Amino acid sequence: MGKILKLVCTLCGAEYQEEENVLTCKHCGQQGILDVVYDYEKAKAELNRDTLLENRELSHWRYIALMPVEADNRRPPLRVGWSPLYRCESLSSTIGLSSLYIKDDGQNPTNSLKDRASSVGVARALRRGAKAITCASTGNAATSLAGNAASVGLRTFIFVPERVPEAKLAQLLVFGADVFVVKGSYEDAFELSMKSASSFGWYNRNSGINPYLVEGKKTVAFEICEQLAWQLPDWVAISVGDGCSIAGVWKGLKEFYNLGLISHLPHLLGVQAEGSAPIYTVWETGMEELEPVVPQTLADSIAVGTPRNWRKALRAVCESDGKFVKVTDDEILSAMRLLGSKCGVFAEPAAAASIAGVFTARRQGILSSHSSVIAIITGNGLKDTHSAIKACKGKAHFIRPSFNEIENIIQKDSKNFLTEDT
Ligand SMILES: *Cc1c(COP(=O)(O)O)cnc(C)c1O
């Protein structure tokens with residue numbers, strides 16, 4: 001038997017074997033997303049502090065003992081994961097925290113955390129002998145799928161809403177994907193990709209329904225544990241769209257906790273954009289069912305009006321005794337600017353939302369001056385320079401090629417410009 005013991009429906013508890021090739025639960029339909037359960041005793045022997053010390057694989061595949069991919073399985077050669085983790089003193093004191101860490105997942109091969117999921121999706125598709133793979137995406141899941149698939153010569157059919165930022169579209173085209181830009185929302189794109197997958201027999205990488213993708217995403221939590229020498233901060237902040245990423249983070253943390261690798265579990269801070277906060281609303285009001293919204297935010301990667309994984313996201317935050325917050329687009333832009341200017345880290349709006357959420361949580365008293373926090377930067381700022389420029393409007397000096405103009409500007413603002421060295 002392989003390392004996967006079973007798959008369990010997160011709604012009704014129905015169990016399946018890996019060989020059954022079930023995506024979502026057959027008992028409760030679309031909503032029953034499955035959870036992968038491993039043989040943890042077996043994993044413990046292969047994955048512990050000693051083996052990790054000797055492990056020279058500096059990518060997320062160093063955790064393959066707890067990933068749904070066999071060691072001899074063909075997989076994308078791209079270096080996914082093991083992204084840098086920084087301690088950011090300056091931003092930490094601006095917010096008023098005891099410490100703030102930044103996990104920069106914008107440093108992945110296609111510049112977002114989604115590479116962690118897509119690499120696993122592609123490896124699984126190869127194992128199934130798939131000839132093509134598809135997904136719908138607000139942008140990053142698609143670009144990561146296209147890049148990872150390209151690296152092994154697998155064809156991709158991508159469905160994106162027309163509001164996709166140009167840089168993400170450029171990535172898709174460069175990676176050679178067949179791209180359908182849908183005149184409609186992400187939800188429209190999702191329905192089309194689901195229908196096409198079943199009609200044409202393409203492997204389905206939609207992480208809202210494919211249980212194996214979250215298994216890639218959880219590795220970001222594994223890395224955080226290892227990079228912080230097993231001493232986790234009080235809180236982990238991450239932005240939430242469909243809810244798969246935060247659910248993945250929680251699964252990873254719990255698995256390492258259950259393996260005895262960490263001694264306490266942090267609280268999760270789930271951050272949604274105010275104009276697209278249906279999961280926040282369910283959490284806030286205690287409603288039984290989620291009410292879809294029409295998303296309105298410049299943070300395109302979390303502009304999800306009908307989140308596929310809201311139950312898992314909600315459960316993760318509640319189990320962790322965490323909180324959800326929502327942030328405005330202005331707060332996101334301001335967080336983007338501060339993260340860049342104080343830490344040198346360039347985040348796309350949806351990624352900077354985590355920092356905006358930390359500000360909000362501090363203001364609301366969820367975090368105190370004693371709190372330590374790690375914020376996951378889920379995607380790189382170059383993916384959406386339009387928003388970046390908007391965040392920093394008026395910051396450049398547009399001048400004629402004349403030294404006089406420079407002198408005037410410097411003199412007017414000498415306090416800011418003339419430093420000790422000059
Ligand atoms: C996908 C994505 C998210 C949110 O992840 P979900 O699984 O949709 O909740 C956040 N930030 C970025 C940059 C993303 O690409």
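Note that the structure is predicted; figures quoted are calculated from it, not measured. Counting starts at 1 for both ligands and their atoms, in listed order.
- Summarising the geometry of L213 relative to A117, their closest heavy-atom pair is CD2-O, 3.0 Å, with the distance given to 0.1 Å.
- By the 3.5 Å distance cut-off applied to N or O atoms, N140 is counted among the residues near ligand 1.
- For E331, the salt bridge (charged side-chain N to carboxylate O under 4.0 Å, His left out) partners at least two apart in sequence or on another chain are R363.
- When each atom of ligand 1 is checked for a heavy atom of S301 under 4.0 Å away, the hits are 2 (C), 12 (C), 13 (C), 14 (C), 15 (O).
- Taking a 4.0 Å cut-off on heavy atoms, V304 fails to register as neighbouring ligand 1.
- Between E284 and K326 there is no salt bridge, since none of the side-chain N atoms of the basic residue sits less than 4.0 Å from a carboxylate O of the acidic one.
- Using modelled atom types, one finds a donor on one side chain and an acceptor on the other under 3.5 Å when comparing D115 with T110.
- Side-chain contact check for R49 versus L261: some heavy-atom pair is nearer than 4.5 Å.
- For ligand 1, the polar-atom distance check finds no N/O of I302 at less than 3.5 Å from any of the ligand's N/O atoms.
- The two atoms that bring W235 and L268 nearest to each other are CZ3-O, 3.5 Å, heavy atoms only.
- Taking every heavy atom of G241 and a limit of under 4.0 angstrom, the matching atoms of ligand 1 come to 4 (C), 6 (P), 8 (O), 9 (O).
- Heavy-atom contacts of G379 reach the following atoms of ligand 1: 13 (C) (cutoff under 4.0 Å).
- Using a 4.0 Å cut-off to heavy atoms of K217, the atoms of ligand 1 that qualify are 7 (O).
- The contact set between ligand 1 and V240, taken as ligand atoms under 4.0 Å from a residue heavy atom, comprises 9 (O).
- Near S239, meaning under 4.0 Å from any of its heavy atoms, are these atoms of ligand 1: 4 (C), 10 (C), 11 (N).
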Please tabulate, for side-chain N and O atoms in residues 64-81, each donor-acceptor pair with protein atoms closer than 3.5 Å (sequence neighbours left out).
| unit_1 | atom_1 | unit_2 | atom_2 | d |
| --- | --- | --- | --- | --- |
| N73 | ND2 | A123 | O | 3.4 |
| R74 | NH2 | V152 | O | 3.1 |
| R79 | NH1 | G81 | O | 2.5 |

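- Note: no N/O pair closer than 3.5 Å links E348 and ligand 1 by distance alone.
- Checked for salt-bridge contact, R87 and E89 meet the test: a charged N lies under 4.0 Å from a carboxylate O.
- Of the heavy atoms in S112, none comes closer than 4.0 Å to ligand 1.
- Ligand 1 lies nowhere less than 4.0 angstrom from a heavy atom belonging to I246.
- When side chains are defined from C-beta on, Y63 counts as touching L47, because their heavy atoms get closer than 4.5 Å.
- For the pair G243 and ligand 1, the shortest N or O to N or O distance falls below 3.5 Å.
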